[in-house]
Amino acid sequence: MSKYLLDKFLFTVDRDPDLVERYREDPEGFVAWWEETQANRILNVTDGEASTWLAFTGPERAALMAHDHVALFQLGAHPFLTLTLFIAMFERDHPEPLSYQKGYGAALAHLSLPYPDIAT
């Protein structure tokens with residue numbers, strides 16, 4: 001499991017409106033594309049720099065493809081990164097202000113302390 005890679009996915013996708021839309025419209029294809037082309041890219045250096053070993057686990061990939069923020073939280077993804085990306089993707093589908101955020105929180109209400117470790 002790589003909490004770093006989950007957080008890197010959430011962070012990089014959230015900062016690019018085109019990627020947000022691609023992830024919203026085709027999560028399975030987008031996650032596969034991102035993992036193949038972006039997962040091993042080293043951020044903030046020249047494009048030729050890359051690692052070779054980063055990959056999602058099956059549960060991580062499945063949670064990303066399902067847009068499952070509860071599973072992502074349980075896997076250790078940072079909840080702020082998940083919340084900000086998912087607001088960008090899904091808030092527009094809700095009729096009133098904060099209704100998506102309230103639903104996001106309600107879906108996590110069954111969890112209790114100790115919460116999963118979100119340190120990377």
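Basis for what follows: all heavy atoms, side chains included, without hydrogens, waters or symmetry-related copies.
- Minimum interatomic distance between A77 and L10 (heavy atoms only, all atoms of both residues): CB-CD1, 3.9 Å.
- Side-chain contact between V70 and H110 is present, with heavy atoms from C-beta onward closer than 4.5 Å.
- Residues K3 and I118 have side chains not in contact (no heavy-atom distance under 4.5 Å, counting atoms from C-beta outward).
- Side-chain atoms of Y115 and L108, non-hydrogen and from C-beta on, never get closer than 4.5 Å to each other.
- S2 and E60 make their closest contact through N-OE2, 2.9 Å (heavy atoms, listed as atom of the first residue, atom of the second, distance).
- Ring centroid separation for the pair H67 and F90 comes in under the 6.0 Å cut-off.
- The shortest distance between side-chain heavy atoms of E35 and N40 does not fall below 4.5 Å.
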Next on the checklist: As a quick check of understanding, evaluate side-chain contact (heavy atoms from CB on, under 4.5 Å) for Y104 and E91, giving each step before the final call.
Outcome noted: CA-CA 10 Å; Y104 178 99; E91 184 177 45; over 6 Å; no
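- Looking at T12 and L19, their side chains never come closer than 4.5 Å, going by heavy atoms from C-beta outward.
- Side-chain contact check for L72 versus L6: some heavy-atom pair is nearer than 4.5 Å.
- Looking only at distances, no side-chain donor or acceptor of H94 sits under 3.5 Å from a matching main-chain atom of E96.
- Side chains of P116 and F73 form a contact here, defined as non-hydrogen atoms less than 4.5 Å apart.
- Atoms CZ and CG, from F56 and L75 in turn, are 11.0 Å apart once rounded to the nearest 0.5 Å.
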Using residues 21-31 as the side-chain source, report each donor-acceptor pair under 3.5 Å to any protein atom, sequence neighbours left out, with the distance given to one decimal.
unit_1	atom_1	unit_2	atom_2	d
E21	OE1	R92	NH1	3.1
E21	OE2	R92	NH1	3.2
E21	OE2	R92	NH2	2.6
Y23	OH	L64	O	2.6
R24	NH1	M89	O	2.3
R24	NH1	D93	OD2	2.9
R24	NH2	D93	OD1	3.0
R24	NH2	D93	OD2	3.4
D26	OD1	G29	N	3.1

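- There is a path of hydrophobic side-chain contacts, each under 4.5 Å, that joins F86 to F11.
- Pairing each heavy atom of V20 with each of A88, the nearest pair is CG1-CB, 4.1 Å.
- Residues Y4 and L54 are in side-chain contact: their nearest non-hydrogen atoms beyond the backbone lie under 4.5 Å apart.
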